[in-house]
2 protein chains.
Amino acid sequence: MDVTEFLSPKEWLGRSAGPRYVQLRRRLEEGISSGVLPPNSSLPPEREIAELTELSRVTVRKAIQELVRQGAIEQRQGSGSFVRAPVEKVEQSLSHLTSFTEDMKRRGKDTTSKWLERGVFMPSPDEVVALGLAAGDSVSRIYRLREAGGQPMALERASLPLDILPNPTEVTTSLYAVLERNGLRPVRAVQKISAINLEPVEAELLGVAEGTAGLSIQRTSYLETGRVAELTRSIYRGDAYDFVAELRLSS
Amino acid sequence: MDVTEFLSPKEWLGRSAGPRYVQLRRRLEEGISSGVLPPNSSLPPEREIAELTELSRVTVRKAIQELVRQGAIEQRQGSGSFVRAPVEKVEQSLSHLTSFTEDMKRRGKDTTSKWLERGVFMPSPDEVVALGLAAGDSVSRIYRLREAGGQPMALERASLPLDILPNPTEVTTSLYAVLERNGLRPVRAVQKISAINLEPVEAELLGVAEGTAGLSIQRTSYLETGRVAELTRSIYRGDAYDFVAELRLSS
DNA sequence: CAGTGGTCTAGACCACTTG
DNA sequence: AAGTGGTCTAGACCACTGA
């Protein structure tokens with residue numbers, strides 16, 4: 001069936017089935033799941049949908065906006081609106097401390113990093129407390145966008161005491177590999193997971209719509225000696241990640 | 001400072017600081033964090049804000065909508081728009097298998113459940129597979145909205161084989177307490193956590209805006225014998241929960 | 001009943017992409 | 001330059017709340 005015909009309002013637009021933008025959104029969802037609107041195909045221009053459906057463009061935009069928020073559709077100004085290909089989910093263990101790079105390699109995906117910040121800085125108050133720094137100590141920071149299999153997956157912002165990572169530019173792929181070479185790989189970590197709606201900047205870096213659900217993870221890692229080695233604040237794409245944990249009766 | 005005066009556009013509405021709805025949203029955020037708009041106070045009516053700011057009502061609504069989505073403001077049709085009181089976050093362990101009821105009691109919060117479904121049903125294909133049911137077996141289902149300290153916290157949908165929970169209406173507060181009485185308390189569980197944007201129905205039950213980030217948790221629990229005791233699919237409020245896990249180097 | 005938010009329209013101009 | 005999405009307006013009617 002043709003998209004134009006599929007959106008022709010005779011078939012589906014009723015008067016007592018809720019707001020029209022909801023009806024249009026549902027129609028578009030059907031189109032996507034039924035294959036009339038396959039992944040990566042483009043929607044008709046908003047103005048054309050408005051004409052076809054006999055709705056105003058504002059109403060059409062409201063319907064599409066909801067789908068953009070859900071991650072089903074991507075809009076590019078000046079270009080058009082496109083059906084997004086669904087993403088394959090990746091599972092990550094919540095009981096084993098693993099390296100992103102090593103983890104993805106085991107899954108047969110190659111990883112790349114886009115550097116957003118990498119160097120030695122004056123610590124923020126948060127960092128002083130979490131890393132147990134003395135007055136005047138500096139921190140090494142690495143902030144990057146991590147990609148796997150060509151897809152952006154997570155924003156990772158790590159801070160380490162300068163003596164644990166004296167030369168942050170030495171890190172090219174795996175941070176843990178660099179630490180291990182110096183005999184300073186963390187053996188234990190505590191992490192806190194929560195759900196957030198992505199801010200515009202984060203969403204853009206991760207290639208999803210503003211407001212999409214993401215996982216915010218704050219992790220503190222410890223060396224064998226018990227010293228804090230690393231404070232990491234990451235944001236993972238909610239549509240690309242499942243975190244898996246095994247629980248036992250209070251031991 | 002008076003709200004009316006605070007929103008008077010002379011002070012903040014410029015021409016080259018991005019879209020006007022973004023500028024208004026930021027101004028309202030400032031008002032909330034600075035105390036000009038305290039928790040539970042009401043905003044001026046949309047029409048009045050439009051007049052004050054010399055913006056159209058559509059633009060005002062767009063600014064407010066974003067704040068509603070973030071959970072900062074609540075709108076009630078026919079009544080008004082109100083600043084929401086921030087929620088205190090609760091932390092939950094990801095390594096100990098605990099009961100919601102017991103967990104909250106330890107924190108000094110009383111829990112209540114609103115029952116959405118409770119009884120014996122024909123299993124869905126998902127349930128047959130996850131619980132290892134035989135053809136013709138039924139399942140006990142309990143589906144409830146869990147509240148703690150007067151705040152809705154999570155939607156919990158549990159399915160159990162009929163012989164493990166023969167009488168689902170027997171569950172009034174703690175499911176695990178009922179199982180324990182029969183010597184069938186799970187000792188181990190595997191759970192999968194991901195972030196989702198809440199659907200309208202879920203959002204309404206949890207008292208937050210549609211599209212707010214939430215945590216979707218699917219858990220399979222096992223008895224000491226290794227048998228599957230329970231399949232639980234829950235949705236937690238992202239703004240009310242932190243999940244905490246301890247990780248160790250691959251053991 | 002008056003006042004509030006919820007939906008909807010027709011039309012305009014701007015900002016960006018693409019041939 | 002043409003076509004797309006992004007922003008914005010003024011005004012209308014509906015649905016719900018609360019005094």
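The model shown is predicted, which means the values in this text are computed figures rather than measured ones. Order of the sequence lines sets the chain letters (A, B, ...), proteins ahead of strands, with each chain counted from 1.
- As judged by a 4.0 angstrom heavy-atom cut-off over every strand, B/R57 is placed among the base-contacting residues.
- Put simply, A/T59 has no side-chain N or O that comes within less than 4.0 Å of OP1 or OP2 on C/dT7.
- Salt-bridge annotation for A/R26 and A/E66: absent, with no side-chain N of the basic residue lying under 4.0 Å from a carboxylate O of the acidic one.
- Projected onto DNA chain D by closest heavy-atom contact, B/V58 and B/K62 fall at different nucleotides, the more 5' of which corresponds to B/K62.
- Straight-line distance from the CD1 atom of B/I49 to the P atom of C/dG3: 17 Å, rounded to whole Å.
- One finds no side-chain N or O of A/S79 lying less than 4.0 angstrom from the OP1 or OP2 phosphate oxygen of D/dG3.
- Here D/dG3 presents its C1' atom at 12 Å from CD of A/E48, a figure rounded to the nearest Å.
- Position along DNA chain D of the nearest nucleotide to B/R47 versus B/V60 favours B/V60 as the more 5'-ward residue.
- For B/Q75 and C/dT4, the shortest distance from a side-chain N or O to OP1 or OP2 is not below 4.0 Å.
- Spacing between atom OH of A/Y21 and atom C1' of C/dT9 amounts to 16 Å, rounded to whole angstrom units.
- The distance between atom CD of A/E54 and atom C1' of C/dT7, rounded to the nearest whole Å, is 18 Å.
- Rounded to an integer number of Å, the gap from CD of A/E74 to C1' of C/dC16 is 15 Å.
- On a pure distance criterion of 3.5 Å, no polar donor-acceptor pair joins the side chain of A/R76 and the base of D/dG6.
- Checking C/dG6, C/dA15, D/dC8 against every side-chain atom of A/Q77, the shortest atom distance belongs to C/dA15.
- Using a cut-off of 4.0 Å between Lys/Arg side-chain N and Asp/Glu carboxylate O, B/K109 and B/E88 are scored as salt-bridged.
- Surrounding CD of B/E204 are at most 12 heavy atoms belonging to other residues, nucleotides or ligands under 6.0 Å away.
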Stepwise ring-ring contact (aromatic ring centres under 6.0 Å, His included) test for A/F243 and B/F243: CA-CA 11 Å; A/F243 283 81; B/F243 283 82; over 10 Å; no
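- Side chain of B/E127 to backbone of B/S124: a donor-acceptor contact under 3.5 angstrom is found.
- Distance from the side chain of A/R61 is smallest to D/dG6 among C/dC8, C/dG5, D/dG6.
- In this structure, B/R25 atom CZ and D/dT7 atom P are separated by 11 Å, rounded to whole Å.
- In this structure, A/E204 atom CD and D/dG6 atom C1' are separated by 15 Å, rounded to whole Å.
- Considering only side-chain atoms of A/S56, the nucleotide from C/dT9, D/dC8, D/dG5 that sits closest is C/dT9.
- The listed nucleotides are C/dC8, D/dT9, C/dT17; the one nearest the side chain of B/L55 is D/dT9.
- Distance CD (B/E51) to C1' (D/dG11): 14 Å, rounded to an integer number of Å.
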